[in-house]
Amino acid sequence: MNIEHKVRKRWFRIYVIVMTTAIAVLLVLLVVWKPAADGQAAAEAEEAQAATSAAADAVEIEDSPGTIPQEGVLYIKEVRQQGSSFENYFTAVPDYGTELKIHLKNNGASGIAIFNVYRGSHAYGFVEVKAEQELTRTFRMSDGSGVSGDWKVYATTRDGHRIDISAEAGQH
């Protein structure tokens, strides 16, 4: 009977351990997992998707010549930057015009600067600007309305050399 008692005691301990673990896992799941109330998660997902697609509504006009027109609104006014990179943020307002121009000049005697433009989380891609060269990138909304959104201009190099650039951005 002594052996039978030890076996029962052992099985009882295993039962207690398994049940305690199962209860702990269920409690953790109940605390961590919260179902969306009234479709809140679906609405948040829809907002995120709308923000992503809205970022793609601005289109870049290829081969746009020229500098920033002085009429309209200047977001970056003739800034010269020396160092490892340049970064500037601004918000475009539709009432200020239907075209956004961003001009970058590489003042360096050697080396290539690369610059990217972002609207929200959408990146329009890096473009190279060789030494002593300049480039203007122009953006319009695909539906013809005024340019809007949060924009970022970023310039750096691929090889880590110091850059010397001038930047300007305006909407008209």
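Only heavy atoms go into these numbers, but all of them, side chains included; no hydrogens, no water, no symmetry mates.
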Closest non-hydrogen atom pair between [X] and [Y], with its separation:
{"X": "T98", "Y": "G144", "value": "CG2-O, 3.8 Å"}
{"X": "G108", "Y": "A131", "value": "O-CB, 3.3 Å"}
{"X": "A123", "Y": "N116", "value": "CB-ND2, 3.8 Å"}

Supply the atom-to-atom distance [X] [atom1] to [Y] [atom2], rounded to the nearest 0.5 angstrom.
{"X": "H161", "Y": "S84", "atom1": "NE2", "atom2": "OG", "answer": "11.0 Å"}
{"X": "L100", "Y": "R119", "atom1": "CG", "atom2": "CZ", "answer": "10.0 Å"}
{"X": "Y96", "Y": "S148", "atom1": "OH", "atom2": "OG", "answer": "13.0 Å"}
{"X": "T136", "Y": "I61", "atom1": "OG1", "atom2": "CD1", "answer": "13.5 Å"}

Salt bridge (Lys or Arg N to Asp or Glu O under 4.0 Å) partners for [X], two or more places apart:
{"X": "E60", "answer": "R137"}
{"X": "K130", "answer": "none"}
{"X": "E128", "answer": "R158"}
{"X": "E134", "answer": "none"}

Could you pull out all residues at least two apart from [X] that satisfy side-chain hydrogen bond (donor to acceptor under 3.5 Å, both in side chains)?
{"X": "D143", "answer": "S145"}
{"X": "R8", "answer": "E4"}
{"X": "Y75", "answer": "Q171"}
{"X": "S85", "answer": "none"}

Does [X] share a hydrophobic cluster with [Y], counting links as ILVMFWY side-chain heavy atoms below 4.5 Å and allowing steps through other members?
{"X": "I76", "Y": "V93", "result": "yes"}
{"X": "V73", "Y": "I102", "result": "yes"}
{"X": "L104", "Y": "Y89", "result": "no"}
{"X": "I114", "Y": "L135", "result": "no"}
{"X": "I163", "Y": "V79", "result": "yes"}

- request: Enumerate the residue pairs fulfilling salt bridge (Lys or Arg N to Asp or Glu O under 4.0 Å) with a member in residues 13-27, sequence neighbours excluded, ordered by first and then second residue.
  value: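 Non-adjacent pairs meeting salt bridge (Lys or Arg N to Asp or Glu O under 4.0 Å): zero.
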task: Please list all pairs passing the salt bridge (Lys or Arg N to Asp or Glu O under 4.0 Å) test where one or both residues lie in residues 159-169, with sequence neighbours left out.
output: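 Listed by first then second residue: R80-D164.
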Under 3.5 Å, side chain of [X] to main-chain N/O of [Y], donor-acceptor pair present?
{"X": "N106", "Y": "I165", "answer": "no"}
{"X": "Y124", "Y": "A58", "answer": "yes"}
{"X": "S142", "Y": "D57", "answer": "yes"}
{"X": "T157", "Y": "I112", "answer": "no"}

- request: Answer yes or no on whether K152 is positioned over the face of Y154, meaning its NZ or CZ is under 6.0 Å from the six-membered ring centre and within 45° of the axis.
  value: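 Pair K152/Y154 counts as cation-pi.
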Between E99 and H172, a side-chain donor and acceptor under 3.5 Å: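 Yes, side-chain donor-acceptor contact under 3.5 Å.
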field: Side chain to side chain, I17 and M19, heavy atoms closer than 4.5 Å
entry: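 Not touching, per the 4.5 Å side-chain cut-off.
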message: In the structure I gave you, are the side-chain heavy atoms of F139 and V117 within less than 4.5 Å of one another anywhere?
response: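 F139 reaches V117 side chain to side chain.
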query: For L27, what are the other residues in its hydrophobic cluster, where any two members join if their side-chain heavy atoms are less than 4.5 angstrom apart?
result: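 Same cluster as L27: I23.
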message: Does Y118, at its OH atom, have more than 12 non-hydrogen atoms belonging to other residues, nucleotides or ligands within less than 6.0 Å?
response: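 Check passes, neighbour count above 12.
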field: Counterpart residues, ring-ring contact (aromatic ring centres under 6.0 Å, His included), relative to F115 (two or more places apart)
entry: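 In terms of ring-ring contact (aromatic ring centres under 6.0 Å, His included), with neighbours along the sequence ignored, F115 is linked to no residue.
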